[in-house]
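What you see is a predicted model, and the numbers here were worked out from it, not measured in a lab.
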Amino acid sequence: MHVKKLSFAKSAVVLSVAALALSACGGSNNPTADGGESAAAGGGELSGTISGGGASSQEAAMTAWVDGFRGVQAGATVQYNPVGSGSGREGFLAGQYVFAGSDAAMDAEELESSQDQCGPNGAFHIPGYISPVAVAFNLEGVDTLNLDAETIAAIFTGEITTWDDEAIASQNDGVELPDTPITVVHRADSSGTTENFTDYLAAAAPENWTYDVVEDWPEEIVAENAQGTQGVVGQVTATDGAITYSDASAVGDLGTVAVKVGDEYVPYSAEAASKAVENANPVEGAAENDMAVELDRDTDEAGTYPIVLVSYHIYCNDYADQETADLVKAFAEYVVSEDGQSTAEGSAGNAPISESLRERALESISGIGVQG
């Protein structure tokens, strides 16, 4: 079996354990950790350009963040290349980007490697938002289906090949299921969404998903593929009987799966996704400003949607020059600000981070400095 091993036993997501609830937040716009006025709020005029790259699932939110940041810092430009989480982290580690967007945390090897670009203090993660990963399908006349983890895994490994299979029908009484062949569509690029989805399958259906947790879809599974979030959603939309996994904010009019958790089937929602994060466990060895947790994908907790990702940004603790440090710090502050979160929510449909998580994130961002 050809799979990519991960250094962490489970995919890590960067969050404050004490600040996991998702809610619309009050408070003053764009505060800094010490209560002063941030550069993002207009506390200082900046100019220059910074470039980032990574998760394609962040594309809609990133467009909103970039446009919103330009509104408060007219002389600053942020460029973002939605090349996928894995490629974004690789570009960041190679010095191609000064920040990365990713739906999966760096592993221990990547964090150590970040010292080459960021200096001895390396990199850290800041959450942008929590989002459910939808299992989305195109089946005429069917808007939602109930499926347990074993059935989802059997569909994506190719064991179940038609929509009227008894494993699907037995969980969906009253739904007229055609004998349409199932076309599985997976990400062609190295993807944090793939990692989060396969982490769920490996934990919740280990007898059916015999592969590891991976960012690159297993070569042994014969299926269709497409590049990026918009690519897989577009291909499923154009293919009768197709199914994929995607950031829920991008699935549009596709049908979606309610996932079996305990004795109930739970449809995706921001609230159900946040419950999965609330029940997560801290990751050992995380740096003080890098708050990582491991998700319990095999939970029986009522009302919990276990297929979730945290879309977050990766920054250096220290940059090579003051201009870059100032620009990155100001943009990072804007992303987690009330205005930044609200702007992204309106554009991408994700849930804003909580006020307590915002305060923790701003504290970490405030430590960005210059090497040497």
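A heavy-atom distance below 4.5 Å is found between the side chains of Ser114 and Leu93. You'll find the side chain of Val308 reaches within 4.5 Å of the side chain of Arg297, heavy atoms only. Side-chain contact between Ile182 and Asp165 is absent, with no heavy-atom pair separated by less than 4.5 Å. Counting heavy atoms from C-beta on, the side chains of Ser364 and Phe124 come closer than 4.5 Å. Between Leu111 and His125, some side-chain heavy-atom pair lies under the 4.5 Å cut-off. Considering only heavy atoms from C-beta on, Ser311 comes within 4.5 Å of Ser57 through its side chain. Asp67 places a side-chain heavy atom less than 4.5 Å from the side chain of Arg70. Contact check for Val133 versus Asp103: no side-chain heavy atoms found under the 4.5 Å cut-off.
Environment of CD in Glu112: sparse, with no more than 12 heavy atoms of neighbouring residues, nucleotides or ligands closer than 6.0 Å. Within 6.0 Å of atom CG in Asp143, 12 or fewer heavy atoms from other residues, nucleotides or ligands are found, so the atom counts as exposed in its surroundings. The number of heavy-atom neighbours closer than 6.0 Å to CD of Glu224, taken from other residues, nucleotides and ligands shown, is 12 or below.
Interatomic distance, Ile126 CD1 to Leu362 CG, rounded to the nearest 0.5 Å: 8.0 Å. The line from CD1 of Ile160 to CD of Glu166 is 10.0 Å long, rounded to the nearest 0.5 Å. Atom CD of Glu59 sits about 9.0 Å away from atom CG of Asn81, to the nearest 0.5 Å. Note that the CG atom of Leu139 and the CG atom of Leu145 stand 7.0 Å from one another [nearest 0.5 Å]. Remark: Ser190 OG to Glu215 CD distance equals 4.0 Å, nearest 0.5 Å. Here the CD-CD distance, from Glu110 to Glu90, works out to 8.0 Å after rounding to the nearest 0.5 Å.
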(request) Please report the C-alpha distance between Gln341 and Arg358 in whole Å, then the side-chain angles of each, then the deciding distance to 0.1 Å, and finally whether the side-chain contact (heavy atoms from CB on, under 4.5 Å) criterion is met. (result) CA-CA 10 Å; Gln341 289 291 298; Arg358 183 200 323 285; 4.1 Å; yes
(request) Report the C-alpha separation of Lys260 and Leu147 in whole Å, then their side-chain angles, then the decisive distance to 0.1 Å, and conclude whether the side-chain contact (heavy atoms from CB on, under 4.5 Å) test is met. (result) CA-CA 6 Å; Lys260 190 172 186 182; Leu147 295 177; over 6 Å; no
(message) Pair Gln171, Thr151 - check side chain to side chain donor-acceptor pair (under 3.5 Å), show working.
(response) CA-CA 10 Å; Gln171 298 177 72; Thr151 305; 2.9 Å; yes
(message) side-chain contact (heavy atoms from CB on, under 4.5 Å) for Val185 and Asn225? Distances and angles first, verdict last.
(response) CA-CA 5 Å; Val185 181; Asn225 64 79; 5.7 Å; no
(message) Is there a side-chain contact (heavy atoms from CB on, under 4.5 Å) between Val257 and Thr144? Walk through the geometry before answering.
(response) CA-CA 6 Å; Val257 169; Thr144 185; over 6 Å; no
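When atom types are taken as modelled, the side chain of Thr157 and the backbone of Ala154 share a donor-acceptor pair closer than 3.5 angstrom. Side chain of Thr324 to backbone of Asp321: no donor-acceptor contact under 3.5 angstrom is found. Between the side chain of Thr239 and the backbone N or O of Ala242, no donor-acceptor pair lies under 3.5 Å. No donor-acceptor pair under 3.5 Å is formed between the side chain of Thr299 and the backbone N or O of Asp296. Under a 3.5 Å cut-off, the side chain of Thr198 and the backbone N or O of Val214 do form a donor-acceptor pair.
Ser131 and Asp247 are linked by a side-chain donor-acceptor pair at a separation below 3.5 angstrom, with hydrogens and angles left out of the test. Remark: the Thr229 side chain and the Ser56 side chain contain an N/O donor-acceptor pair separated by less than 3.5 Å. If you check the side chains of Asp339 and Ser342, you find no donor sitting under 3.5 Å from an acceptor. Defined by atom type and a distance below 3.5 Å, a donor-acceptor pair is present between the side-chain atoms of Ser102 and Arg89. Side-chain contact, His313 with Gln58: a donor N or O sits under 3.5 Å from an acceptor N or O. There is a side-chain donor-acceptor pair under 3.5 Å between Thr162 and Asp164.
With Phe156 as the partner, the ring pair (Phe, Tyr, Trp, His ring centres under 6.0 Å) test is satisfied by one option alone out of Phe197, Tyr200, Tyr211, Trp209: Phe197. Among Thr193, Thr194, Asn196, the single residue meeting the side chain to side chain donor-acceptor pair (under 3.5 Å) criterion with Tyr245 is Thr194. Exactly one of Tyr319, Phe331, Phe92 qualifies for a ring pair (Phe, Tyr, Trp, His ring centres under 6.0 Å) with Phe99. That residue is Phe331.
Under the 4.5 Å side-chain heavy-atom criterion for grouping Ile, Leu, Val, Met, Phe, Trp and Tyr, Val233 is not connected to Val142 through any hydrophobic cluster. In the hydrophobic cluster analysis, where Ile, Leu, Val, Met, Phe, Trp and Tyr join through side-chain heavy atoms closer than 4.5 angstrom, Leu327 is grouped apart from Tyr97. Residue Leu177 is not grouped with residue Val236 when hydrophobic side chains (ILVMFWY) are merged at heavy-atom distances under 4.5 angstrom, including chains of intermediate members. Taken together through direct or relayed side-chain contacts under 4.5 Å among Ile, Leu, Val, Met, Phe, Trp and Tyr, Ile221 and Ile243 form part of one hydrophobic cluster. Tracing side-chain contacts under 4.5 Å through hydrophobic residues (I, L, V, M, F, W, Y), one reaches Ile168 starting from Ile307; they form part of the same cluster.
Note: Phe137 and Trp163 have tilted aromatic rings, judged against thresholds of 30 and 60 degrees for the angle between ring planes.
In this structure, Pro306 and Val261 approach most closely via the heavy-atom pair CD-CG2, 3.7 Å.
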